[in-house]
Undergrad: 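Starting off with a structure, shown below.
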Protein chains: 2
Amino acid sequence: MNSAGRRYGRAYEILREAGLRPTRQRLGLARLLFENGDRHVTAEQLQAESTAADMRVSLATIYNTLNQFTQIGLLREVVVEPGRSYFDTNTADHHHFFHEETAKLQDIEGEAIVLGAVPEPPEGTSVERIDIIVRVKNAVN
Amino acid sequence: MNSAGRRYGRAYEILREAGLRPTRQRLGLARLLFENGDRHVTAEQLQAESTAADMRVSLATIYNTLNQFTQIGLLREVVVEPGRSYFDTNTADHHHFFHEETAKLQDIEGEAIVLGAVPEPPEGTSVERIDIIVRVKNAVN
DNA sequence: ACCTGTTTTAAAATCATTCTAAACTATTGA
DNA sequence: TCAATAGTTTAGAATGATTTTAAAACAGGT
Ligand SMILES: [Mn+2]
Ligand SMILES: [Mn+2]
Ligand SMILES: [Zn+2]
Ligand SMILES: [Zn+2]
């Protein structure tokens with residue numbers, strides 16, 4: 001492992017294994033994404049964080065990277081609002097609260113939500129994935 | 001009821017009750033939407049149908065109308081793909097299959113899907129709505 | 001028929017995302 | 001070490017869905 005490898009730790013290995021060149025940009029973004037617990041970010045949010053961390057990364061690269069990471073299973077795309085995509089660092093099977101006021105996603109913990117009856121998919125189709133979004137807003141009270 | 005009223009039937013009443021002027025465009029769109037059973041349409045699909053029915057309606061009006069109908073509870077917006085919104089004429093509580101290959105929505109019938117455990121919403125929030133999307137693709141077989 | 005506020009519309013604007021093609025860089029193997 | 005090569009990044013243009021603008025058309029009431 002070279003100096004970049006030592007400096008960037010786990011991210012370096014992940015990229016090598018995926019056959020993606022460990023570039024400065026990808027390493028930096030991987031670090032922001034994966035060294036801070038479970039996260040749900042939009043492309044713009046991630047760019048803001050990069051900037052805050054003194055990394056200059058173009059939006060095009062942010063999108064490329066988010067899409068590549070999604071493709072190789074490091075991220076998962078979540079659609080809750082027309083026009084904006086969220087990328088989720090938690091790739092385990094789970095569902096979400098969506099806070100309509102703040103436009104933030106939050107994981108629903110394991111057992112808190114359970115599908116009683118899973119529907120039979122239509123003739124000739126198979127279930128790819130099930131997404132449950134619980135939309136919440138600030139209680140009126 | 002005037003001649004428009006007679007010609008457009010139920011749609012006319014719906015609009016009057018909602019306080020929206022029963023214009024030619026709104027009546028025509030209401031007819032396409034509500035006189036053909038449960039439907040899931042995008043703005044562009046609806047415009048194509050209008051054209052096929054020899055009604056010239058601008059896309060801006062299609063959007064205005066879909067949004068107004070959604071606002072007054074005649075439609076419900078369903079988000080399944082980034083970048084495109086579907087409008088659902090079935091406003092009852094229900095969930096969806098989404099066919100990834102054809103980009104079509106299909107209602108899941110009443111009892112076919114059941115939430116075993118409904119999660120407690122986070123402190124200070126209340127549940128606005130729960131959306132379940134079962135994404136299916138053509139079975140490999 | 002006329003007035004007035006509403007609606008429709010073409011066209012421009014917006015916003016997220018993708019594409020293009022040129023500059024840059026990581027990797028490899030002399 | 002270095003050049004060659006393929007992969008990557010980027011600014012800027014393009015795209016596509018949706019919204020906005022402002023002007024023309026229209027509906028409902030008089
Ligand atoms: Mn994508
Ligand atoms: Mn809307
Ligand atoms: Zn999540
Ligand atoms: Zn439906």
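Residue numbering restarts at 1 for every chain, and letters A, B, ... go by the order of the sequence lines.
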Undergrad: Report yes if a side-chain nitrogen or oxygen of A/Thr23 is closer than 4.0 Å to either non-bridging phosphate oxygen (OP1 or OP2) of D/dG7; otherwise report no.
TA: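 No, no such contact exists.
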Undergrad: At under 4.0 Å between heavy atoms, what does B/Arg56 touch on the DNA or RNA strands: base, sugar-phosphate, or nothing?
TA: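 B/Arg56: backbone/sugar contact only, no base atoms under 4.0 Å.
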Undergrad: Within the 4.5 Å heavy-atom criterion, are A/Thr70 and A/Phe87 side-chain neighbours or not?
TA: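 In short, these two side chains touch, coming nearer than 4.5 Å.
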Undergrad: Taking atom C1' of C/dT7 as reference, at what distance in whole Å does atom CG of B/Leu29 sit?
TA: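 Result: 13 Å.
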Undergrad: What's the angle between the local helix axes at either end of the helix from C/dA1-D/dT30 to C/dA30-D/dT1, using five pairs per end and rounding to 10 degrees?
TA: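 The angle, to the nearest 10 degrees, is 20°.
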Undergrad: Taking the side chain of B/Pro22 as heavy atoms from C-beta outward, which of C/dT7, D/dG28, C/dT27 is closest to it?
TA: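 Minimum distance to the B/Pro22 side chain belongs to D/dG28.
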Undergrad: Counting heavy atoms from C-beta on, name the nucleotide in C/dT7, D/dA17, D/dT18 closest to the side chain of B/Glu44.
TA: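 So the side chain of B/Glu44 is nearest to D/dA17.
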Undergrad: Specify the separation, in whole Å, of atom CD of A/Gln47 and atom P of C/dT17.
TA: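 Answer to the nearest Å: 12 Å.
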Undergrad: Can you figure out which of C/dT9, D/dT8, C/dT17 approaches the side chain of B/Gln25 most closely?
TA: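 In terms of side-chain proximity for B/Gln25, the closest of C/dT9, D/dT8, C/dT17 is C/dT9.
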Undergrad: Per the salt bridge (charged side-chain N to carboxylate O under 4.0 Å, His left out) rule, what does the pair list look like for residues 38-59 of chain B, sequence neighbours excluded?
TA: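 Sorted result for residues 38-59 of chain B: B/Arg39-B/Glu49.
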Undergrad: Would you please name every residue forming a salt bridge (Lys or Arg N to Asp or Glu O under 4.0 Å) with B/Arg21, sequence neighbours left out?
TA: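 For B/Arg21, no residue satisfies salt bridge (Lys or Arg N to Asp or Glu O under 4.0 Å) once neighbours in sequence are set aside.
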Undergrad: With rounding to the nearest 0.5 Å, note down the distance linking CD in A/Gln25 to OG in A/Ser58.
TA: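 So the CD of A/Gln25 and the OG of A/Ser58 are separated by 8.0 Å.
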Undergrad: Using the salt bridge (Lys or Arg N to Asp or Glu O under 4.0 Å) criterion, which residues pair with A/Asp88? Sequence neighbours excluded.
TA: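 A/Asp88 satisfies salt bridge (Lys or Arg N to Asp or Glu O under 4.0 Å) with no other residue.
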Undergrad: For A/Gln45 and C/dT17, give me the distance from atom CD to atom C1', rounded to whole Å.
TA: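 Interatomic distance, CD of A/Gln45 to C1' of C/dT17: 16 Å.
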Undergrad: Please report the distance, rounded to the nearest Å, between OH in B/Tyr86 and C1' in D/dT18.
TA: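 In whole Å, D/dT18 C1' lies 15 Å from B/Tyr86 OH.
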Undergrad: Expressed in angstrom and rounded to an integer, what is the separation of A/Arg84 atom CZ from D/dT19 atom C1'?
TA: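 Computing the A/Arg84:CZ to D/dT19:C1' distance gives 15 Å.
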Undergrad: Under 4.0 Å from any atom of DNA chain D, heavy atoms only: list the residues of residues 57-64 of chain B that qualify, in numerical order.
TA: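 The stretch gives B/Leu59, B/Ala60, B/Tyr63 as the residues lying under 4.0 Å from the strand, ordered by number.
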Undergrad: Any N/O pairs under 3.5 Å between the protein and nucleotides 3-5 of chain C? List them or say none.
TA:
{"unit_1": "C/dG5", "atom_1": "N2", "unit_2": "B/Arg21", "atom_2": "NH1", "d": "2.9"}

Undergrad: Do A/Ser126 and B/Val140 have side chains that approach each other closer than 4.5 Å (heavy atoms only, starting at C-beta)?
TA: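 Not touching, per the 4.5 Å side-chain cut-off.
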Undergrad: Does B/Asn67 have a side-chain nitrogen or oxygen under 4.0 Å from the phosphate oxygens OP1 or OP2 of D/dT19?
TA: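 Yes.
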Undergrad: Mind checking whether B/Val57 and B/Thr51 have side chains closer than 4.5 Å, heavy atoms only?
TA: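 Not in contact.
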Undergrad: Output the rounded distance in Å from OH (A/Tyr12) to P (C/dA26).
TA: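 So the OH-P distance, A/Tyr12 to C/dA26, works out to 10 Å.
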Undergrad: Once you round it to whole Å, what is the distance between C1' of C/dT8 and CG of B/Leu66?
TA: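 The answer, rounded to whole Å, is 15 Å.
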Undergrad: Any salt bridge linking A/Glu128 with B/Lys137? Criterion: basic side-chain nitrogen under 4.0 Å from a carboxylate oxygen.
TA: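 Here A/Glu128 pairs with B/Lys137 in a salt bridge, since their nearest N and O are under 4.0 Å apart.
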Undergrad: Contact between B/Arg135 and B/His96 at the side-chain level, heavy atoms closer than 4.5 Å - yes or no?
TA: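 In short, these two side chains do not touch, never coming nearer than 4.5 Å.
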Undergrad: With sugar-phosphate meaning primed atoms plus P, OP1 and OP2, does A/Thr42 contact a base, only sugar-phosphate, or nothing at under 4.0 Å between heavy atoms?
TA: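 Answer is nothing: A/Thr42 stays at 4.0 Å or more from every strand.
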Undergrad: Please determine whether a side-chain nitrogen or oxygen atom of A/Arg24 lies at a distance below 4.0 Å from atom OP1 or OP2 of C/dA26.
TA: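 So the side-chain polar atoms of A/Arg24 do come within 4.0 Å of the phosphate oxygens OP1 or OP2 of C/dA26, strictly under.
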Undergrad: Taking the basic N atoms (NZ, or NE/NH1/NH2) and the acidic carboxylate oxygens, is any pair closer than 4.0 Å for B/Arg10 and B/Glu13?
TA: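 No.
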Undergrad: Specify the separation, in whole Å, of atom CG of B/Leu20 and atom P of D/dC26.
TA: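 B/Leu20 atom CG is separated from D/dC26 atom P by 19 Å.
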Undergrad: When you measure from the side chain of B/Asp107 to the backbone of B/Glu109, do you find a donor-acceptor pair of N or O atoms at a distance under 3.5 Å?
TA: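 Flag not set: sc B/Asp107 to bb B/Glu109 has no pair under 3.5 Å.
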Undergrad: Quick check on side chain to side chain contact (heavy atoms under 4.5 Å, CB included): which of B/Thr61, B/Thr65, B/Leu59 does B/Tyr63 satisfy it with?
TA: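 By the side chain to side chain contact (heavy atoms under 4.5 Å, CB included) criterion, B/Tyr63 pairs with just one of B/Thr61, B/Thr65, B/Leu59: B/Leu59.
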